[in-house]
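Naming convention: chains lettered A, B, ... in sequence-line order (proteins, then strands); numbering from 1 in each chain.
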2 protein chains.
Amino acid sequence: MQRVFEALANPARRRILAYLAHAELSAGDIASRFDMAKPSISQHLSILESAGLVSSEKRGQFVFYRLVPESLTNTLHGFVQEVCPVARPLKRESAALARKDDETP
Amino acid sequence: MQRVFEALANPARRRILAYLAHAELSAGDIASRFDMAKPSISQHLSILESAGLVSSEKRGQFVFYRLVPESLTNTLHGFVQEVCPVARPLKRESAALARKDDETP
DNA sequence: TATATACTTAGGTATATTCCTAATTACCAA
DNA sequence: TTGGTAATTAGGAATATACCTAAGTATATA
């Protein structure tokens, strides 16, 4: 939880998550979208990964990164639930949606 | 948005939000729950306030802080929506809930 | 094998964050 | 007015973060 919020505090890392929302991307693909040195992006990716927000897989020379969407929604949902009791029913709805999503890929 | 995520990155500030979920509290009430100097808490409160997550009102000698729940849910919802398209329908559901909530206070 | 490409690790620097103590401001009450 | 309580502002030190360049590892290809 702490790691997730720390990870989200940086705009470059949130942008990386947004890129990964649409497709799996290699570290180089991601880096090329930023005006920043590759090692910096690599570091951001490792922070996102140790927060559990993304996962990586090496294929050949490339390392592909993808989103772990549950970890984001679970953490944020859990927190919002704690702070804003109003939002509590959303969790059930979220679970229902997740099931629906499994059925129709 | 940046300010909200920065504010949430600190565990003391998240804990303050959790306290304020249940009731409005004075700065001193909040500080007394922490093993931390009062000025540090005051600073955390000002960070939360400039992020729009809490609001304050001075009454006599006391400054009372309260949650601004919409700002939290809106920011997090907006972000999750951008990153996890799966969660998109939640927004409509959230709006419906908000309306319901208005009707039955 | 030699060379190029993809990526990470290592090390260093500038800046930001988080905490503290001391001082200040604002309000209440004797 | 004087003294006490509540809270913030000011200033400073320790630590963490975010970036860079240079060097290293691993894989593909000529």
_What is the distance, to the nearest angstrom, from the CG atom on B:Asn10 to the C1' atom on D:dT17?_
14 Å
*Rounded to the nearest Å, what distance is computed from the CG atom of residue A:Leu45 to the P atom of nucleotide C:dT9?*
11 Å
*asked:* Quick check against the 3.5 Å criterion: does A:Ser50 have a side-chain atom that pairs as donor or acceptor with the backbone of A:Ser46?
replied: yes
*Interatomic distance, B:Ile47 CD1 vs D:dT8 P [rounded to whole Å]*: 13 Å
*Phosphate oxygens OP1/OP2 of C:dA6: is one of them under 4.0 Å from a side-chain N or O of A:Ser26?*
no
*Look at the side-chain N and O atoms of A:His44 and state whether any lies under 4.0 Å from the OP1 or OP2 oxygen of D:dT17.*
no
*side-chain N/O B:Ser40 vs C:dC19 OP1/OP2, d < 4.0 Å*: no
_Length of the line joining A:Met36:CE and D:dA18:C1', which is rounded to integer Å_ = 8 Å
_Any side-chain heavy-atom pair of B:Leu8 and B:Leu53 under 4.5 Å_ = yes
*Select base, sugar-phosphate, or nothing to describe what B:Phe64 touches, counting heavy atoms under 4.0 Å on all strands.*
nothing
_Base, sugar-phosphate or nothing for B:Arg13? Non-hydrogen atoms, less than 4.0 Å._
sugar-phosphate
*Could you give the CZ-to-P distance, from A:Phe62 to C:dA6, as a whole number of Å?*
5 Å
_Using a heavy-atom cut-off of 4.0 Å across all strands, would you classify A:Ala37 as base, sugar-phosphate, or nothing?_
base
*Among C:dT8, C:dT18, C:dC27, the one nearest A:Pro39 by side-chain distance*: C:dT8
*Atom CZ of A:Phe34 to atom C1' of D:dC19: distance rounded to whole Å?*
14 Å
*Whole angstrom is fine here: how far is it from CD1 in B:Ile41 over to C1' in C:dC19?*
11 Å
*B:Gln61 or B:Pro11: which one's nearest nucleotide on DNA chain C is closer to the 5' end?*
B:Pro11
*Does the pair A:Leu72 and A:Leu67 meet the rule for a side chain to side chain contact (heavy atoms under 4.5 Å, CB included), with working shown?*
CA-CA 9 Å; A:Leu72 183 73; A:Leu67 209 65; 6.0 Å; no
*asked:* Under 4.0 Å from OP1 or OP2 of C:dC7: is there any side-chain N or O of A:Tyr65 that close?
replied: no
*In plain terms, say whether B:Arg15 and A:Glu82 are close enough for a salt bridge, that is, a side-chain N and a carboxylate O under 4.0 Å apart.*
no
